[in-house]
There are 4 protein chains.
Amino acid sequence: MARKPQTRPRKSASQQRSQITVDALIEATARILVREGYDKASTNRIAAVAGVSIGSLYQYFPSKEALVAAVIERHTRQLSDVIQAALARAVASPLEAAIRELIGAAIDAHGIDPKLHCVLAEQVPRVGRLENINAVEKQARLLLRDYLEAHRDEIGITDLDLAAFILVTTVEALTHSAVLHRPDVLTGEKAAEFVDEVTQLVLGYLQTPPRARKPNKVSRAR
Amino acid sequence: MARKPQTRPRKSASQQRSQITVDALIEATARILVREGYDKASTNRIAAVAGVSIGSLYQYFPSKEALVAAVIERHTRQLSDVIQAALARAVASPLEAAIRELIGAAIDAHGIDPKLHCVLAEQVPRVGRLENINAVEKQARLLLRDYLEAHRDEIGITDLDLAAFILVTTVEALTHSAVLHRPDVLTGEKAAEFVDEVTQLVLGYLQTPPRARKPNKVSRAR
Amino acid sequence: MARKPQTRPRKSASQQRSQITVDALIEATARILVREGYDKASTNRIAAVAGVSIGSLYQYFPSKEALVAAVIERHTRQLSDVIQAALARAVASPLEAAIRELIGAAIDAHGIDPKLHCVLAEQVPRVGRLENINAVEKQARLLLRDYLEAHRDEIGITDLDLAAFILVTTVEALTHSAVLHRPDVLTGEKAAEFVDEVTQLVLGYLQTPPRARKPNKVSRAR
Amino acid sequence: MARKPQTRPRKSASQQRSQITVDALIEATARILVREGYDKASTNRIAAVAGVSIGSLYQYFPSKEALVAAVIERHTRQLSDVIQAALARAVASPLEAAIRELIGAAIDAHGIDPKLHCVLAEQVPRVGRLENINAVEKQARLLLRDYLEAHRDEIGITDLDLAAFILVTTVEALTHSAVLHRPDVLTGEKAAEFVDEVTQLVLGYLQTPPRARKPNKVSRAR
DNA sequence: AATGAATGAGTCTTCATTCAT
DNA sequence: AATGAATGAAGACTCATTCAT
């Protein structure tokens, strides 16, 4: 790779140029997805918005799908960074602080590019390479499980996989749904209340003593 | 709709025939969505599967969007019926039984046509009149709010709108996500455990005495 | 098929309309191939020349290849008819008359649409469905072989497969090449001379007594 | 071409380098034509296979057509050399030996790069300057005509142009067709038989005494 | 009403060729 | 000279929708 010293600057220059093109394409895709929706995101339109020829688009992305996948990946990486950082901070914290950290991270994550997040969640067909939109959640599930394991004696739950699944799903859904349907609760002083409520929800669940649980069957109506 | 009895039998007959055609088209659309995905659901294909000419399709539905909207509406109505029935039963029940009723209803609702539910949720672009997929949730939120209001003294929460939002979102998300990612927890004996856990989550939240809540701020990392 | 009597005329009418469209497309393809060459024969251009929308083109032909294949088939069928008829006449004729019949048929066949014949022979890539351009020759080979078998005692050759191969290839090549490179020998009084010469070539070969053949090796230069 | 000896070594060096590049490009083109067909032979692909940048390709060849023409020319020259050599040997030989020489040469020529020969014959559109694939035949026709002229008294034919045309076309077509459709007759002991048969065909034709020819008309069916 | 042939705007994608570095 | 990024005209093909019968 670094074998041709004299061509390095040249190559570096062209690599830089390529990178600019690639970035412009991803950015244009994201912008179109947000502003006009998935259906309007045709490759020709993306190229035009990126200020790049359609030929260049196909030099870097083999298909429209690959382009959208790149947008997803970029967005996912940003989310992931926020979540990772929060969980890293949380790992040494006591239970409640950790939970608050997690919830705060979820809110922050959903604040990264909310419009894009919605489009990716609602309009992009989860098929082929595009189905790993939920990768972040999976990852969060695993990390949280580890945390719960380390704090096993503080909580009254035995099936930690299930608990992690429930918690991550709940926190994600609440944040996501709040962004979409109740953006008011995420701004100003209401935000703190929202965090408190969700913390309460989660904490109450985790700390329930095992004996309080009654595993009686429910008669489910057909 | 089926109220007009014997009068004008001829027209009634043709109305009936029309209804059959309409149903066939909606059914064909749903089947194709499930079996082949949104992208493959072309109007010509739908007409063919419905055993109807493309011309007739456009006689009853002005656009492809209208067709998909009809599928959504039909599915939504089915979900709605289940939820409504459960909430009607729950309205006179004590808190825990009501919660279990709600969770059971959510699970039942997701069992109506899970494949179609997923496709509608994941592949159908939520644009134009197609965005009322979430109408059921809205309705459930209102009904639940009424219930909580009636049981205000049993619960330690003041913002009932927020509480209803949190509960409905949580239960829906957990059920939906379980169907998609952890179908195992919804079958056999695990199902009861799942209901218990979610009940615990919800009940613990609702019953927390107001004094136990500490509204201290979290330092949210950027 | 003939079950719906009352719709017959209607259906027949639309079938007729379809047939007109199909014919127009094949004819347009052939014309473009002749006038502008294979490369210029784009589906959009074909549709335009046929006075038909591109959508209709794809309603009847799944691909450009299918369209060209249809042209080949149509041309091939015409050639085939001429050859078949000649061989049918020849089957009861004595050797020389049969040979003359065959050569005459080859010339007639090449006169059907010489320009198209050349384009098909020279410009159409023999790949996929398009490779059976040579089907006619194959068929002629088999028919001729049967004839030779029936006249075995008049000819001095044992390997009839090889003989049929040689004869068909030779006659086809001479006619084809004459059309391309020496069109003069196929018109006017020269035509008769050409037929005489080729007849002589073929007849001389077939009638050579076996004893005249000397199978001595040739030293082939590398 | 390689005549300029030691003078100006620098330039000579670069000329040499250029020649290497040119050869690599022609070779790459030929290889791709053979391995993947005409359609897959894009200029970018050719440059890549040749280990040369697309820019350099266009430094040496003004168009794709020029590149393919160079391949044709190179192949044609190789064929030509074989044919020329054979005819040079044949010029002093008696009739039968000369004929055998010619046939052997045709077979050898078709053995030079049979795959490439087929691709050039079947897939490369004969348009523009690409149509001189048949140049070799033309040349052979002239040379053979001269030979026949010199041996006029041994043969029973008056129209030597026509005779040369018939002979060259026949021998070429038989060899070509054998390579394509009956490769078995060109290998092992069958090869000798094939040469014998073709020799017989040609010799029989040439030696027919004029008086044996009967120029009676054929009634050609329309 | 029903039919299905016809429409054509618009999509994805390729590839010969140019040109800044 | 060499490089390879960029270009964009053009091609194959799809599909929602219209309309003559």
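Here is how names work: the chains are called A, B, and so on, in the same order as the sequence lines, proteins then strands, and each is numbered from 1. The structure displayed is predicted, hence computed values, not measured ones.
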So, does [X] use its side chain to make a donor-acceptor pair with the main chain of [Y] at under 3.5 Å?
{"X": "D:Ser56", "Y": "D:Gln59", "answer": "no"}
{"X": "D:Lys115", "Y": "D:Leu33", "answer": "no"}
{"X": "B:Thr76", "Y": "B:Ile72", "answer": "yes"}
{"X": "B:Lys64", "Y": "B:Ala41", "answer": "yes"}

Separation between CD (D:Glu27) and OG1 (D:Thr29), nearest 0.5 Å, reads 9.0 Å
Report the nucleotide, chosen from [options], that has the shortest atom-to-atom distance to any side-chain atom of [X].
{"X": "D:Ile54", "options": "E:dT13, E:dT17, F:dT3", "answer": "E:dT17"}
{"X": "A:Val52", "options": "F:dT7, F:dT17, E:dA6", "answer": "F:dT7"}
{"X": "D:Ser63", "options": "E:dT17, E:dA6, E:dT13", "answer": "E:dT17"}
{"X": "C:Tyr58", "options": "F:dC13, E:dG4, F:dA2", "answer": "F:dC13"}

Read 5' to 3' with Watson-Crick or G-U pairs under 3.5 Å, [ ] for crossing pairs and | for partners on another strand, DNA chain E gives .||||||||||||||||||||
Looking at [N], I'd like to know if its phosphate oxygens (OP1 or OP2) sit under 4.0 Å from a side-chain N or O belonging to [X].
{"X": "A:Thr43", "N": "E:dC12", "value": "yes"}
{"X": "A:Tyr60", "N": "F:dA6", "value": "yes"}
{"X": "B:Ser53", "N": "E:dG4", "value": "no"}

Check whether the side chains of C:Thr21 and C:Ser18 place a donor and an acceptor atom closer than 3.5 Å, and report yes or no. no
Using atom [atom1] of [X] as one end and atom [atom2] of [N] as the other, report the distance to the nearest whole Å.
{"X": "C:Ile20", "N": "E:dA6", "atom1": "CD1", "atom2": "C1'", "value": "13 Å"}
{"X": "C:Asn44", "N": "E:dA9", "atom1": "CG", "atom2": "P", "value": "11 Å"}
{"X": "D:Leu67", "N": "E:dC15", "atom1": "CG", "atom2": "P", "value": "15 Å"}
{"X": "D:Leu57", "N": "E:dT18", "atom1": "CG", "atom2": "C1'", "value": "13 Å"}
{"X": "B:Ile46", "N": "F:dT17", "atom1": "CD1", "atom2": "C1'", "value": "13 Å"}
{"X": "C:Leu25", "N": "F:dA12", "atom1": "CG", "atom2": "C1'", "value": "15 Å"}
{"X": "C:Asp39", "N": "E:dA16", "atom1": "CG", "atom2": "P", "value": "11 Å"}
{"X": "A:Tyr38", "N": "E:dT11", "atom1": "OH", "atom2": "P", "value": "13 Å"}

Exercise. A:Glu36 and A:Arg45: side-chain contact (heavy atoms from CB on, under 4.5 Å), yes or no, with the steps?
Worked result: CA-CA 11 Å; A:Glu36 313 183 33; A:Arg45 182 131 184 64; 2.7 Å; yes
query: With a non-hydrogen cut-off below 4.0 angstrom, is C:Ser56 in contact with a base, only sugar-phosphate, or nothing?
result: base
The residue, A:Gly55 or C:Gln59, whose nearest nucleotide of DNA chain E is more 5′ is C:Gln59
Nearest-nucleotide check on DNA chain F, C:Arg45 vs B:Lys40; residue mapping nearer the 5' end is C:Arg45
Sorted by position of nearest nucleotide on DNA chain F, 5' first, the leading residue of D:Thr21 and C:Lys64 is D:Thr21
- prompt: Going through the distances and angles, do A:Gln19 and A:Val22 end up as a side-chain contact (heavy atoms from CB on, under 4.5 Å)?
  reply: CA-CA 5 Å; A:Gln19 195 55 50; A:Val22 167; 4.2 Å; yes
